[in-house]
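Convention: sequence-line order gives letters A, B, ...; per-chain numbering from 1. All values below were derived from every heavy atom in this structure, side-chain atoms included, with hydrogens, water molecules and symmetry-related copies excluded. Values in this document were obtained by computation on a predicted structure and should not be read as measured data.
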Protein chains: 2
Amino acid sequence: MKNSPLRSTLQITKALADSQRIRILMLLEPGELCVCQIVEVLGLAPSTVSKHLSILAAADLVLMRKQGRWAYYRLPKLTRKEIGRPALDWVRSALQEDEQIHLDRKKLKTVMACDPEELCKRQRPSSEYENKGVSKR
Amino acid sequence: MKNSPLRSTLQITKALADSQRIRILMLLEPGELCVCQIVEVLGLAPSTVSKHLSILAAADLVLMRKQGRWAYYRLPKLTRKEIGRPALDWVRSALQEDEQIHLDRKKLKTVMACDPEELCKRQRPSSEYENKGVSKR
DNA sequence: TTTTCATTTCGTTCTGTGGCGAAATATAGC
DNA sequence: GCTATATTTCGCCACAGAACGAAATGAAAA
């Protein structure tokens with residue numbers, strides 16, 4: 001009984017039980033993003049964001065598309081196991097008016113205005129920008 | 001911004017991100033139960049169950065009614081912050097066919113057939129029954 | 001083939017949370 | 001008042017999980 005409904009449900013609720021992952025889901029609302037863009041908005045290490053994304057993907061809450069060295073994540077239009085969809089809908093509506101989420105969306109706009117190549121360059125360890133402060137938590 | 005939507009949402013998702021608490025919510029589906037009845041089904045220490053219930057209550061996912069020394073918990077018909085309700089509905093429908101949940105319901109029937117006074121007597125540290133095996137997990 | 005580099009995996013640290021038993025709380029009954 | 005007792009709070013331990021940097025992966029560019 002490895003994949004009982006309880007297990008899948010818990011996988012989803014656990015995936016949703018972290019503020020960074022909720023922020024990621026809301027960021028993906030308008031459309032797909034690559035990892036470096038999410039990194040830029042959240043202000044977390046790429047490895048950390050990658051882990052969050054893998055947890056969301058394991059719960060079928062996001063889908064991934066690889067293109068060359070770049071990985072693009074997006075919300076699923078329809079999940080195979082449909083149970084995740086209502087959860088996403090609920091989260092979205094619950095956070096309609098959240099301040100942090102709005103700040104993230106705003107930040108995303110400036111990030112989207114920038115070439116991802118440029119973002120990644122800035123995020124390299126050698127860069128002098130070195131992760132200029134982003135609202136943590 | 002102590003009570004932002006994100007915060008309330010996270011409080012709910014965190015409350016839902018534990019199998020014992022999910023089991024408790026499903027146990028409460030038919031109607032209110034007192035703590036000792038839940039203890040009997042889950043097979044956990046009363047203090048542990050109490051903690052779980054307080055987490056659920058803080059997230060507005062259960063309501064409490066005190067009657068003498070006894071505390072009765074139930075699902076809310078309508079939550080003040082309505083945001084919790086769809087989450088509960090989602091969990092219920094997702095777990096419609098879960099084996100563990102069905103086992104719990106079955107066990108609950110035998111527990112309900114017993115006087116709560118008797119349950120508590122059995123659960124006392126002095127009792128020789130000493131938590132006769134109940135499906136853990 | 002070699003280098004570059006976006007992303008992931010791994011190893012470590014630190015915080016958060018579930019579990020228990022013991023003590024505290026609060027209520028019923030004497 | 002005192003005792004009994006259902007539940008909660010507290011203190012502790014063990015484990016899960018979030019964060020980082022370093023190393024690994026794998027695809028593009030040179």
Side-chain heavy-atom pair A:Trp90, B:Ile12 within 4.5 angstrom cut-off
yes
Where is the tightest heavy-atom contact between A:Leu16 and A:Ile22, given as atom of each residue plus distance?
O-CD1, 3.2 Å
Students should find that the end-to-end axis angle of the helix from C:dT1-D:dA30 to C:dC30-D:dG1, with five pairs defining each axis and rounding to 10 degrees, is 30°
With nearest nucleotides of DNA chain C determined for B:Ile55 and A:Ser50 from heavy-atom distances, which residue corresponds to the more 5′ nucleotide?
A:Ser50
Protein-nucleotide distance (A:Leu56, atom CG; D:dA18, atom P), rounded to Å
10 Å
Produce the list of close N/O pairs, under 3.5 Å, pairing protein atoms with atoms of nucleotides 21-26 of chain D; give distances to one decimal.
from   : atom 1 : to      : atom 2 : distance (Å)
D:dG21 : N7     : A:Ser47 : OG     : 3.4
D:dG21 : O6     : A:Ser47 : OG     : 3.1

Quick one: are A:Arg74 and A:Leu28 in side-chain contact, heavy atoms under 4.5 Å?
no
For the side chain of A:Gln96 and the backbone of A:Ser93, is there at least one donor-acceptor N/O pair under 3.5 Å apart?
no
For a side-chain contact (heavy atoms from CB on, under 4.5 Å) with B:Leu27, tell me which candidate from B:Leu75, B:Ile101, B:Leu42 qualifies.
B:Leu42
Respond yes when some side-chain nitrogen or oxygen of A:His52 is under 4.0 Å from OP1 or OP2 of D:dA19, and no when none is.
yes
I'd like to know if the side chain of B:Ser50 and the backbone of B:Pro46 have a donor-acceptor N/O pair within less than 3.5 Å.
no
Length of the CZ-P vector between B:Arg65 and D:dT8, whole Å:
14 Å
Test applied, side-chain contact (heavy atoms from CB on, under 4.5 Å); reference residue, B:Tyr72; option that passes from B:Met64, B:Gln67, B:Lys66
B:Gln67
Students often get this wrong, so: under 4.0 angstrom with heavy atoms, is B:Tyr72 touching a base, only sugar-phosphate, or nothing?
nothing
Please give, in whole Å, the distance from C:dT17 P to A:Leu10 CG?
16 Å
C:dG16 P sits how many Å from B:Lys51 NZ, rounded?
13 Å
From the set D:dA18, D:dA6, C:dT8, return the single nucleotide nearest to any side-chain atom of B:Trp70.
D:dA6
Please check if the side chain of A:Arg92 supplies one atom and the backbone of A:Leu25 the other of a donor-acceptor pair under 3.5 Å.
no
Any side-chain N or O of B:Gln20 below 4.0 angstrom from OP1/OP2 of C:dG19?
yes
Which whole-number value in Å describes the distance from A:Leu44 CG to D:dG17 C1'?
14 Å
Answer with base, sugar-phosphate or nothing: what part of the nucleic acid does B:Ile38 contact at a heavy-atom distance below 4.0 Å?
nothing
Quick check against the 3.5 Å criterion: does A:Glu29 have a side-chain atom that pairs as donor or acceptor with the backbone of A:Met26?
no
Partner of B:Leu33 under side-chain contact (heavy atoms from CB on, under 4.5 Å), chosen from B:Ile38, B:Ile24, B:Val39
B:Ile38
For B:Glu32 and D:dA6, give me the distance from atom CD to atom P, rounded to whole Å.
17 Å
So if I take every side-chain heavy atom of B:Asp18 and compare against C:dG18, C:dT8, D:dT7, which nucleotide ends up nearest?
C:dG18
Please confirm whether the shortest side-chain N or O distance from A:Lys14 to OP1 or OP2 of D:dG17 is below 4.0 Å.
yes
So does A:Tyr73 get a side-chain nitrogen or oxygen closer than 4.0 Å to the phosphate oxygens (OP1/OP2) of C:dA6?
no
Comparing nearest nucleotides in DNA chain D, the 5'-proximal residue of the pair A:Ala17, A:Gln67 is A:Ala17
Side chain of B:Pro46 - closest among D:dT8, D:dA18, C:dT8
D:dT8
Would you kindly give the CG-to-P distance between B:Leu53 and D:dA6, to the nearest whole Å?
17 Å
Given atom CG of B:Leu42 and atom P of C:dC20, what is their separation to the nearest angstrom?
10 Å
With the side chain of B:Arg21 defined as its heavy atoms from C-beta on, choose the nearest nucleotide among C:dG18, C:dG19, D:dA19.
C:dG18
